[in-house]
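Residue numbers count from 1 along this sequence. None of these values were measured; they are calculated from a predicted model.
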Amino acid sequence: MLYGMIAAVGVRNLVESRVDVSKTKNLTIIAIMLVTGLGLRFGPAITFAVGNTDVPVDRLGIAIAVVLGVVLNAVLPDGDGEGQAN
């Protein structure tokens, strides 16, 4: 139920902010963030060593998805390729 509420609040925020999902950039970022957040949580067990401790990546899935979304928003171009010169 917790993940359902988080997803519902996220969708409500997108609707209230009037995010244009018809733009390829926005739709791509949303899709990659969802796949990353859910995929790392329910995917294979991956760990990385921090000092003498192994940290499971599945606990960091949402944080990694957020960072990835911010980076993609900064890196991906805004336009859908319309009006570009040849």
Side-chain angles (χ1 to χ4, degrees):
M1 185 160 157
L2 175 65
Y3 293 110
M5 287 297 295
I6 292 171
V9 169
V11 170
R12 184 182 71 191
N13 287 339
L14 291 174
V15 170
E16 287 177 354
S17 299
R18 296 186 178 147
V19 174
D20 186 5
V21 292
S22 67
K23 291 187 177 183
T24 304
K25 175 184 177 178
N26 295 339
L27 191 60
T28 302
I29 292 172
I30 292 168
I32 290 173
M33 288 180 70
L34 281 173
V35 168
T36 303
L38 291 174
L40 290 177
R41 177 69 179 118
F42 298 110
I46 301 170
T47 61
F48 63 93
V50 176
N52 294 330
T53 307
D54 286 336
V55 178
V57 174
D58 65 341
R59 307 224 176 180
L60 302 173
I62 294 174
I64 292 171
V66 168
V67 171
L68 187 59
V70 170
V71 169
L72 286 174
N73 191 40
V75 171
L76 291 177
D78 285 334
D80 285 338
E82 299 170 357
Q84 292 183 356
N86 293 341

Residue pairs passing the salt bridge (charged side-chain N to carboxylate O under 4.0 Å, His left out) test with at least one member in residues 2-17, sequence neighbours excluded, are Arg12-Glu16

Taken in chain and number order and not counting sequence neighbours, the residues that satisfy side-chain hydrogen bond (donor to acceptor under 3.5 Å, both in side chains) with Asn73 are Lys25

- Honestly curious: do Val19 and Val70 fall in one hydrophobic cluster under the side-chain, below-4.5 Å linking rule? no

Asp20 meets the side-chain hydrogen bond (donor to acceptor under 3.5 Å, both in side chains) criterion, sequence neighbours left out, with Ser22

Hydrophobic cluster identity match, Leu76 and Leu68, side-chain contacts under 4.5 Å
yes

Output for pair (Thr24 OG1, Ile29 CD1), nearest 0.5 Å, gives 11.0 Å

On a heavy-atom basis, the closest approach of Gly37 and Ala65 is N-CB, 3.8 Å

**Q.** ILVMFWY network linking Val11 to Ile6, side-chain heavy atoms under 4.5 angstrom
**A.** no

inquiry  = For residues Met33 and Val9: do they belong to one hydrophobic cluster (side chain heavy atoms under 4.5 Å, members Ile, Leu, Val, Met, Phe, Trp, Tyr)?
reply    = no

dist Ile30:CD1 -> Leu72:CG (nearest 0.5 Å) comes out at 12.0 Å

**Q.** Enclosure of Ile62 CD1 (heavy-atom neighbours >12, cutoff 6.0 Å)
**A.** no

